[in-house]
**Student:** 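Pasting in a structure now, in structure tokens, and then I'll have a few things to ask.
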Amino acid sequence: MKKIHCFIFLLLFLSLAVLTAQETPTPAYTDTYNKLMQRTGWWRYDRFGMFIHFGAYAVAARGEWVKSNEELSTEQYQQYVDAFNPVDFDAAAWAKTAKAAGMKYAVLTAKHHDGFCMFDSKLTDYKLSKQFNGRDLVREFLDAFRAEGLKVGLYYSIIDWHHPDYPNVGNHPQRNDKEYGKRNFNWDNYLKYMHGQVEELVRDYGKLDIMWFDYSFDEYSGEKWKAKELLEMVHKYQPDILVDNRLTINEGTKTGGRMISVYGDFETPEQGIPDEGLLDKYGNPIPWETCLTLNNNWGYYEADKNWKSPELIIHSLVNCVSKNGNLLLNVGPNARGMIPDESIRILKEVGRWMDKNSGSIYGCGASKLAKPDWGRYTQNGNILFAHWMYPTVGHINIKGIGEAGSVYLLSSGAELPKEKAWWGNNEQGNFFVNVNSPTYMTFELPDPHDTVVEIHLK
Ligand code: GLC
């Protein structure tokens, strides 16, 4: 072999070695990964939660970003704060709504970007309790949801458009206000305040299951927030709490593949569902949760009538679960504290479906089978759930599992007719199911949104 060939060969060999080395996680990574999967076990089982965006912005009724979108000063925004009086707020009613929809956990905004606190913080007067007969809305929320057996979480904005030491960076309402920009912003002072408020939440409100921080951008990410120190403190009071990934901007994807984060436990795709379940660069599924609004806004928006249909919500939930993900579905109560009627109507319908079909959601995840054209699969151990979402002519074809054991309609437990083959098709690994006999005929589906067929794998 010529020298040059030897050299090229060596180079190829070395790069291959480097590449394969990268594909193998270190024992330390595997250990962290396993612990993460253990810690998130209950959450990955539950799959479905309620997000609640509630604050003084409900008075403006143009979404929670109104202060930034309209570049309002704190003085201008004050009219909404003053008028905010959620007299109809009833945490128990909210909790019942969530539970009836089949949701297993809920996350409430304790403070959003506007900085107005829904909890009785000792570190500021900019809080609802001052004008709400001393009532601590966050505490009432936690008590009521826990009483319904739901897990509880708090959303806390690390961004603050009110605090005088928070600079007018990013989407700050005063980003174009030159005078405001001349102020002396004491970042350490803001961090002290922010860490202090988080400490109040994790120390004074009993067991919290989830902490949902929002959000990082540009260099305002990770250690800019002193995120490690913050997390250490959070875990000191709440060793089992789960934390989302927004204390940093998504680091993983930029550096040769997604990894589990040292700053949080789960990823948070917003207003969309990934094409495939999220994996780390070694191919391991990682915990993720899509957060989604029922119309097009998180906070109450009077004119936004773009409500998603209950069917789209059911399909989206199944979509997430079929990819090992969760769905955190938002409601934005109005200024009186009521969840909008339209949201209630959608959630009721979702709840009716969940009453009969939650077995195909809780504890379920992805199946190895490819997505069929009539719907999706979810799976729990050796039980495969065929979500028959779109009407087809005749039966559905379950491909790739060989022979099935018993097959039932999940909603009633009724056994369903199945066959090994149909006209001219004796391919191995196929079998056919219908909701009635003969299986090659077309019948009305029992559930117009998603008829779930429960298949016991042999
Ligand atoms: C975004 C928005 C915010 C909303 C959140 C929900 O980061 O800033 O208004 O609370 O996402 O995921």
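All ligand and atom numbering here is 1-based and tracks the order in the structure.
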**Student:** Near R246, which atoms of ligand 1 are under 4.0 Å from a heavy atom of that residue?
**Tutor:**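 In order of numbering, the contacting atoms are 1 (C), 5 (C), 7 (O), 11 (O), 12 (O).
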**Student:** Say whether N296 and D304, considering side chains only, have a donor N or O and an acceptor N or O under 3.5 Å apart.
**Tutor:** no
**Student:** Which word best sums up how the rings of Y126 and F116 line up, parallel for under 30°, tilted for 30 to 60°, or perpendicular for over 60°?
**Tutor:**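 The arrangement is perpendicular - the two ring planes meet at more than 60°.
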**Student:** Looking only at distance, does W65 have an N or O less than 3.5 Å from an N or O of ligand 1?
**Tutor:** yes
**Student:** Which atoms of ligand 1 have any heavy atom of C291 under 4.0 Å away?
**Tutor:**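 Close to C291: 12 (O).
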**Student:** Tell me which protein heavy atom sits closest to atom 11 (O) of ligand 1, plus the residue, atom name and distance to 0.1 Å.
**Tutor:**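 For this ligand atom, the closest protein heavy atom is E270 OE1, 2.9 Å.
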**Student:** Measuring from non-hydrogen atoms of W212 to any atom of ligand 1, is the shortest distance under 4.0 Å?
**Tutor:**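 Heavy atoms of W212 do come under 4.0 Å of ligand 1.
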**Student:** Just need the protein heavy atom nearest to atom 4 (C) of ligand 1, so name the residue and atom and give the distance.
**Tutor:** H53 NE2, 3.4 Å
**Student:** Would Y155 and D244 count as having a side-chain donor-acceptor pair, cut-off 3.5 Å?
**Tutor:**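 Absent: no donor and acceptor within the cut-off.
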**Student:** For Y155, counting its heavy atoms only, list the atoms of ligand 1 lying under 4.0 Å from any of them.
**Tutor:**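 Checking each atom against Y155, I get 10 (O).
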**Student:** Go through the side-chain N and O atoms of D265 and T40 and say whether any donor and acceptor fall under 3.5 Å apart.
**Tutor:**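 Absent: no donor and acceptor within the cut-off.
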**Student:** So which protein heavy atom does atom 9 (O) of ligand 1 come closest to, and at what separation?
**Tutor:** E64 OE2, 2.4 Å
**Student:** We want to know whether H112 and S157 form a side-chain donor-acceptor pair, criterion being a heavy-atom distance below 3.5 angstrom.
**Tutor:**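 Their side chains do not contain a donor-acceptor pair, so the 3.5 Å distance test is not met.
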**Student:** Testing the 3.5 Å rule here: is there a donor-acceptor pair between the side chains of W225 and S216?
**Tutor:** yes
**Student:** Test side-chain contact (heavy atoms from CB on, under 4.5 Å) on I241 and V234; report intermediate values, then the result.
**Tutor:** CA-CA 8 Å; I241 202 167; V234 167; 3.7 Å; yes
**Student:** Do Y156 and K111 pair up side chain to side chain, a donor and an acceptor below 3.5 Å, judged on atom types alone?
**Tutor:**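 Yes, K111 and Y156 have a side-chain donor paired with an acceptor closer than 3.5 Å.
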**Student:** What is the closest protein heavy atom to atom 7 (O) of ligand 1, and at what distance does it sit?
**Tutor:** D214 OD2, 3.0 Å
**Student:** Closer than 4.0 Å to some heavy atom of Y215 - which atoms of ligand 1 meet that?
**Tutor:** 7 (O), 8 (O)
**Student:** With respect to H112, determine whether any N or O atom, backbone or side chain, lies less than 3.5 Å from an N or O atom of ligand 1.
**Tutor:**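 Such a contact does occur with ligand 1.
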**Student:** Short list, please: which atoms of ligand 1 are under 4.0 Å from a heavy atom of H113?
**Tutor:**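 Numbered from 1, ligand 1 contributes 2 (C), 3 (C), 8 (O).
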